[in-house]
Each structure stands twice: as C-alpha cells, then as structure tokens.
Amino acid sequence: MQPEFESTSPELMLAFYRRLYPFKSLFQWLNQGQAPSKLFSNREFAFTLPGDVYLRYHSFDTMDDLKKQIVKLNPSRFEIGAIYSAKPRDKKTVRPTAFVPQQRELVFDIDMTDYDSVRTCCSGKGICKRCWGFISSAVIVLDTALRDQFGFKHLLWVYSGRRGIHCWVSDQEAMTLTDEQRKAIMGWLEVVKGGKEMHKKVNVRMPASRSLHPALEGAVGRVSGVFSELVLEDQECFQHEDGWRTLLELIPDKGVQSTLREQWEEDPGRSSSKKWEDCRRQLKKVEQSGGKQAALLRAALEDVILQYLYPRLDAEVSKHRNHLLKAPFCVHPGTGRICIPVDPQHVKEFNPETVPTLGQLLEELNDPTLVEGEHHSDWQKTSLRPYVEMFDQYINKLMSEARANNKVSRAGPKLEF
Amino acid sequence: MFSTRDRKPLDQRTDSHFGQVDDLAYLKYRHRLNFYDEPPLFDVTLEEFETWAIDRLRILAEIESSAARNRTLEELKSVTTAQCNKYLPLNSNSAIGIDRDSERKKDHVSHFVLRLAFCRSEELRARFVKAETTLFRIRYELDDTQERETFLSTRDFGWKAVDEEEREKYSKELRNASSTTKEVPGERYYKVHWTKVPDLIEKRRVFLKEGYAYVPSREQSSIVFQAFQNHLNAALQMTARALPRLEEDTRVLPILNHLSQGFLSGVPSEYADPNFEANGEEITAEMVDDLSRKHFPMCMRNLHDNLRKDHHLKHYGRLQYGLFLKVLGLSINEALVFWRQSFGASITEDKFNKEYRYNIRHSYGLEGKRANYPAKSCQRILTNDQPGPQDSHGCPYRHFSVDNLQAALLSTYGSQGFTSADMPEILHAVNGGHYHVACTRVFEITHGIPKGQGMGDGESVTHPNRYAARSRELWKEKHAPKDDQMIVD
C-alpha cells in the first residue's frame, strides 16, 4: 500500500491532467462524433475542488476549453451530467422552462456498501479481490439484462476507484429515455428490497404460481455457480452464528427450520457449504415425501441466491437524467486509483488492488528511458495505455453507429416537407 | 400542431364509411373515446368556452381528490361516472335518441380549453395529464367492447401481433412472465417496444426480449393508456410554446387564469396548508425525545430511535422524519439544532454545514425551488421510495419482518399498555395487508380507547401527523382537568 496522503497531492493531479488524462477520448465518447455537437456543448460538467468546493453547471464548446478549465481549476475529481436544452453555463440567463435536461446516458451505480450485510472479508471502505466477487456477479447479471432484455449495445463499465462500479449506456435509445422510463427500468431490475429490519429482502414471485419471472430465472442460473464459490466457500457467509441465523430466517418451513437449527447449534464450526448441502438435503426429503411445501422450499432457496448475489443498485442515480456521475479516468481521491474501464467479459479477473494509481503512472512517466517531451499521448508510455485503448475501441463502435443513426434521421425529416 | 401524415388515415376512414347507410356516418365524432388529436377548428362562444371547461374541471378535481382520499379503483370509477353523467355525459354510439355529437363536442372543446389553462407549468401539466389519463382510462374500461375495438383500429399504436412460431418458442417464458396462473388458451400477444409500456416493465409483468415487450392481450390497454399519456404530454409542451401568442387575447386570459387556480385549490390537502402548521404549537428540539415516547406512531418512533442509536439516518429517513417534525411544529431553527445534536460528534461542524444544512433548509422551503413540502402521508410512506437494504424509513407494519415487528411493538409500546395478548390481532391485520388497521389498533390500545373508535368517530390512521396530533389532544384532555383540580385545591 502506498501512503494515501501523497497519492493525490494537487501537484500530482495537475501533472496528471496535463500529461495523462485522455481528454480526446472523453470528448469523443460524450460527443459521439468528431465535430462538437450539442451532446458536448450542452453537457453539464461539475467540479469538486480541494476543500469540498463543488461547482455545478459548467459547460464547454470544445475539448480544448474543457482541458484548459480543468488544468486551471485542478479539481480533485469531476462529474458528468445531462445534456440540457441550453448551455449549462447560461443557466442563469435563460428562462427556467428553457433549461431542462433532454438527454443523458442511462447510468447505474453499484457500490460495495450495499453488500456490507452479506460480505465477511471487509467492511466499510475496504475492498479486496475477494469481495469484488459480489460486484462481478452483479455486473454479469446486469450486463446480460441490459443487452438481452432491453436490447442495449453500448455499455461502458467503469471502476469507481474504490469499492464500486459504474455503468454508462450510450445507445441513442438510452440517451433519450424519460425519467419515467428510467424509473421503469429500475423497477424491472430491483429485486433486493425491504429495510434493514426485513429478513427476506427478495419478494419477487408471482403471488399465485410462485414461479419466477424468466428474467430472474436466467439470473439465478447465471450466478448459482458463483454462489457456491463465493458465498459458500470464499466468504463463508453462513459459518458464523449471525450468518446462519439469517439463512434460517429465509426458510419458510418451520419443521425444516428447527431441524436445521438443532443440527447447526450442535456443530458450531460447520462450513457454509455443508450447511447449504443440509438445506438441499432437507429439500429432497420434503420432495420425496411429496409434501406441498417442496415447491415453496425450492423457491426459498433460489431466493437466497438472489438475495446474496443479485445486483444491489443505487436506484436514485439511475432514475433522474440530471444526476451527476464521476467521469471515467478520474483519480479516486482516497485511493489514488484511476477510474478505468472494465471489460464485462473479464470482470471476474479484475483485481481492484492492481489498478494503476496516480503515483505509479507519474513515476512511469519520469522513467529516464522514456524522456521525450510533453505531448497529448503521454499515456501511451504508461500502464494506462491498455485501458485508454480499450476505451477508444468502445468509442469507435459507438461513433460508427451514431453516424449510421444520423444518416437515417437526416433522411427522415425530409418526408415532412 | 400535427403533421399531415398523422391525419390521413382518419380522413380515409371517413370517406370509406360515407357510402354506408348507417346512422353513424352522420356523426361528426365517430367514437365516444377521443385521443384529442385535432383542436376544435370552429367557433365557440365565450360562455361555452368557460362553462364547458368548468364542468370538465369538476370531474378532474374529483379524480384528483379521489387519489388523495385513497379511494379504490372501483370507488373511483363509480364516483367519476356519476360526476360525468352530471356534468359531461358521453353516450355510446348505440344511444340513438341522444345528440351524441354535441356531447362529444363539449368533451372535445373542454379538453382543449383546459390544455390551454394547464400547459403553463411543469406541475400543472403533470397533474392535468394524470387526471385526464385516469378519465380516459375509466371511459375506456366502461366503453362498449365493439366500439372500443373500432376506435383502436383507427390508430397505429405500434404493436405487432406475435406469430404462432414465436409464441411456441417462448411459451415457457411467456407463461412465467404473466401475472396469472391460469393458462389462457390461445391468448394473443403483442410485441411493442418496451418504452411504450413502462408501467408493465416497472412491475415486471411482461416477457422482455431485445427491447421488445410481449404484452398479453389482456394487458393491451396499458399500451393504449400509455400512448394517450405520452401523446397528451407532448401536445401540452407544444401548447406551452404556442401560448405567448395567445396571451394577446384579453378576453381569454382571465378565464384561463381563473381555471388553473380553481384546479390548484380543488384538492383538499390539509397537511400542505400553512394554516395547519400554525395550529400546531411551536415545539423545541429538546421536546422531541419526550414527544416521541408519548405520541409518535411506530414509523416515527423507529426513525427517532435509530437516529438516537446510530447518530445518523439515511436520506429518505431524514426526509420522512424531518417533514413530520416540521409539520409537528419544529421551526427551522429548532430543526437545525435538533439534527445537529442528533448527529453528534460523528459528523463535523463543517460536514454538517455543507451537506445537511441545505437539505434541511430545502425541506422548509428556504432553498432551491422553495416549495412548501407537506409531510408524507401513510399512503406515500407505504408506496413511494421503498426502503433499501440499509434504510430505516418506511412503515414498520409493512417493511419489518414479522418477528422484528413483534419485538419492536413490545419494546416500544409495552410501557403504554401493549401486551403480547394484543399481538395476534395486529399480525392478522398486517398479514392481510391492512397496515393502517394495525396502526389504528395500536393507537387504540396505547391510548385506552375502545376498539373500533380509532382516532375518534372511527377515523383510521392515514397520516403520521394526524396520529401525533390526536395523541397530543387526548393527552391534554386527560391532563387538563387535573390541573383545574389543583387550582381548586
């Protein structure tokens, strides 16, 4: 661990913005094309300056203006908001009705804090490779849902710098969703609910048939492998008393519940996998005896998997177009880590502890074998390179589709005349 | 307002029907239901302009207040139908003896007048759209099936019938996504883009694949209502833009102003009323502890106790509790003191000033859009902003699991006469989903009131502030005579 106080000093931040931050890529991503459009010029930027000064409603006509301002202000981080009907910097001079959010990427925020009640390896601000497993299974479920169910194609996943991950969906269709439609998506996606006083936080079955919606059935299938790996073996979620008592609360059958309780009280060190097997065995028994409870019990065990591994989303971030979210490639002020894009295909292998940090990148730049003078693409000489390249590849696909869409819509209005 | 392309299909239909010897062919308005595509392009007298609009307004106001009074859909339907028959009757095509055209004309004109009156602000627009959509929905559901079908066939809702092959392919998914267990033989499905049925998506009631929702025919009406709503929303935005030109007409403007004000005051909402707050006595930060023990409903007790325990509440908890305290009579200055003290040393002065002061002032209408936010009613607590895994707001009767609720009830109200003998009754109400019944019963028990009387005259709990206010009244009644006696002694 490098010392935290040094990792994000203003001097280092300034060098980072001057020499490393991939402004060109950021511009193309937001603008979805080369020539500056409303997607960029009417876009809100917000800056957090050292000492918790927060500046909202900035906007820029070109990438160079943005870079100039960032170098001037040297913010500890900056955030990206909606595209408004007017330039955000003119907010005070236009009528309030003429200043409304119009477009915005559909965004999601998954944060480890929401998993504090289920993870056992770290708590609070800590995160390690092990508890990242919760995030990665959330990513897998959410990524598939957005692609297969909603049909979105351009999903950018970005590590939030400490213990979470953000997702930005840039499909034209996603950009133009209304707040109401965003709320509907959240309703579709939210499964783990209920306050902290509620044991069973997953209540998503059809009241009569007890069947699981196909979207969720798919999710159970996708994470049940991870469940034994992560929840049972790695995290040992049910080994300690708190953990297995929570599990018992989720079992609807009183008889089964008390059998298991007795068994587990006698054997305090029994591993989570064994306990889970006990549950499965009880289920089989009930099934064989032909009890009506079997379906109920099987459903309950599936719900346990959902409760532990289904994505827990910060819903407010996604519901409103005017919400701000930290820009990719920012430096996390606490950890010094760069908020790099993450490939959802390989999210399982992602290790938050090996993410390049600000200090490390600048050191790489200072390597005397690489001295060549400053220019825009200094990042190419550092370990930031693969991430910027990954970002650029993503952007290329996005831009070529945006071009195709523009052609269609330019041809469209002609019919009106 | 609308491109000519949209209008064409309608015109063609009219032509093709002209040949038929049919009473209907002479109707200007061919359908009872109306999507209000075209503005009235004929002369209307000023008197008609105003009275028709007022008649429609009465109906919309009734719909709005029904929502505030928590009426069920069935009650809403019967109340609204009664209002409609009185002020704005609209008969079906089969009612040959009645001048259907003039009924429909009144419906048409009044709708457009109110559009003008309600397009001016975001809030008015939202309320108008909501009430109009409800009205449309009620009419739609009561409409003659045959006539409804013909009406639907005049519009393109962008749905595509799902063919046999696809239905086979996804048969399992379609079955599991539906909300009923009964297999409906030969049920037809329609494919629409999911953005056209956000309500079904939000409740996860359809099968969704690559952006398309597979809507069973019995949910088809959702598509229609949503289309109506979107259409009206877009139209209102257009009207708002065109309005400045209209304001030159000095005859119309006063009428429109008058109408929109009438709508605003049409909804009785005593808790949003500033006078209501004036009735509550001023309370201070120090009094909250004592008041909470004596007079607060379970939801607020829980928030208060959590705040005392953790020295913190999450956003919606602060909102729910803060607005409650505001209406209870905690002034802004006292509120700042209260929250500052409650957070204690866990939060620095600096952090408090930066992150919380604004929000507290905002909820008192002193920042941002300066709205006077009412305290949340039971209905809102029960249905909006569902608590997440770490939250402590919400309604304990609904959002606690049964054993936690039992423990909480006993520890909270044990000293006020609540015993475990009372438990079965409470749990029965909770299991039935009658959370307000449970809360009302707890009120009766802890205040020594016979069952069924509620907060007086059988009134049940619908608002936490009403609960607290009534509890304080009762306490005063009980303690006042004693004071008198002491003076006498």
Side-chain angles (χ1 to χ4, degrees), chain A residues 51-54 96-97 100 113-118 145 147-152 171 173 176-178 180-201 204 206-218 249 307 312-316 415-416, chain B residues 3-5 120-122 170 172-182 193-195 197-212 229-230 233 240-241 302 306 315-316 350-351 354-355 369 385-394 396 399-405 408:
Chain A
D52 274 344
V53 178
Y54 195 57
T97 46
V100 286
T113 20
D114 292 321
Y115 289 83
D116 273 349
S117 54
V118 293
R147 285 177 208 270
D148 291 0
Q149 291 154 24
F150 288 95
F152 293 128
D171 293 55
E173 200 183 291
T176 52
L177 292 175
T178 62
E180 193 199 358
Q181 288 161 342
R182 286 166 207 255
K183 190 165 147 265
I185 294 196
M186 290 319 288
W188 176 274
L189 292 172
E190 272 194 305
V191 165
V192 187
K193 281 189 205 165
K196 64 178 171 187
E197 306 292 341
M198 181 67 97
H199 294 306
K200 188 161 169 52
K201 298 186 205 281
V204 288
M206 305 297 168
S209 64
R210 313 292 311 157
S211 65
L212 205 52
H213 190 280
L216 300 177
E217 207 174 303
E249 296 291 347
Q307 177 156 337
R312 299 180 174 202
L313 301 163
D314 183 346
E316 294 311 309
L415 298 173
E416 299 280 330
Chain B
S3 74
T4 40
R5 207 174 31 159
R120 296 139 182 252
S121 79
E122 186 72 31
Y170 295 124
K172 183 167 171 253
E173 283 89 346
L174 290 172
R175 201 172 51 242
N176 282 347
S178 90
S179 51
T180 53
T181 40
K182 272 179 278 156
H193 197 264
W194 74 267
T195 47
V197 282
D199 55 328
L200 296 180
I201 293 292
E202 187 166 358
K203 295 192 188 99
R204 221 182 282 123
R205 268 167 48 188
V206 285
F207 171 58
L208 180 63
K209 180 89 188 155
E210 276 148 22
Y212 283 88
Q229 194 179 331
N230 292 349
N233 248 325
R241 252 173 266 158
N302 177 48
N306 268 305
H315 173 74
Y316 281 112
D350 201 32
K351 190 172 161 77
K354 270 184 193 134
E355 293 178 21
K369 71 171 175 178
D385 310 320
Q386 295 296 306
Q390 315 277 323
D391 282 324
S392 30
H393 68 272
H399 298 114
F400 277 24
S401 58
V402 172
D403 48 346
N404 283 342
L405 176 64

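Each chain gets a letter, A, B and so on, in the order the sequences are listed, and its residues count up from 1. Keep in mind the model is a prediction, meaning the values are calculated, not measured.
- Side chains of B:R204 and A:V191 form a contact here, defined as non-hydrogen atoms less than 4.5 Å apart.
- Note that the NZ atom of A:K183 and the CD1 atom of B:I201 stand 13.5 Å from one another [nearest 0.5 Å].
- For the set A:Q181, A:Q149, A:R147, the entry with the most heavy-atom pairs within less than 4.5 Å of chain B is A:Q149.
- No side-chain heavy atom of B:Q390 sits under 4.5 Å from any side-chain heavy atom of A:T113.
- Ranked by heavy-atom pairs shorter than 4.5 Å toward chain B, the options A:E173, A:M186, A:E217, A:K193 are led by A:E173.
- The shortest non-hydrogen separation linking A:L212 to B:N176 is O-CB, 3.7 Å.
- Neither the backbone nor the side chain of A:Y54 comes within contact range of chain B; no heavy atom of the residue lies under 4.5 Å from a heavy atom of that chain.
- Counting heavy atoms from C-beta on, the side chains of A:R312 and B:P389 come closer than 4.5 Å.
- Contacts of B:K172 with chain A are made by side-chain atoms alone, with heavy-atom separations under 4.5 Å and no backbone atom involved.
- Heavy-atom distances place no part of B:D350 under 4.5 Å from chain A, backbone and side chain included.
- Note that CG of A:D52 and CD of B:E355 are 6.5 Å apart. Values are rounded to the nearest 0.5 Å.
- Counting heavy-atom pairs under 4.5 Å between each of B:V206, B:V197, B:D199 and chain A puts B:V206 at the top.
- For chain A, the nearby part of B:H193 is the side chain; its heavy atoms alone come within less than 4.5 Å.
- Looking at B:N233, there are no atoms closer than 4.5 Å to chain A (heavy atoms on both sides), in backbone or side chain.
- Heavy atoms closer than 4.5 Å to chain B are found in the backbone of A:E190, but not in its side chain.
- Considering only heavy-atom pairs separated by less than 4.5 Å from chain B, the leading option among A:S117, A:G151, A:A184 is A:A184.
- Contact annotation for A:K200: neither backbone nor side-chain heavy atoms come within less than 4.5 Å of a heavy atom of chain B.
- Atom OH of B:Y212 has 12 or fewer heavy atoms from other residues, nucleotides or ligands within 6.0 Å.
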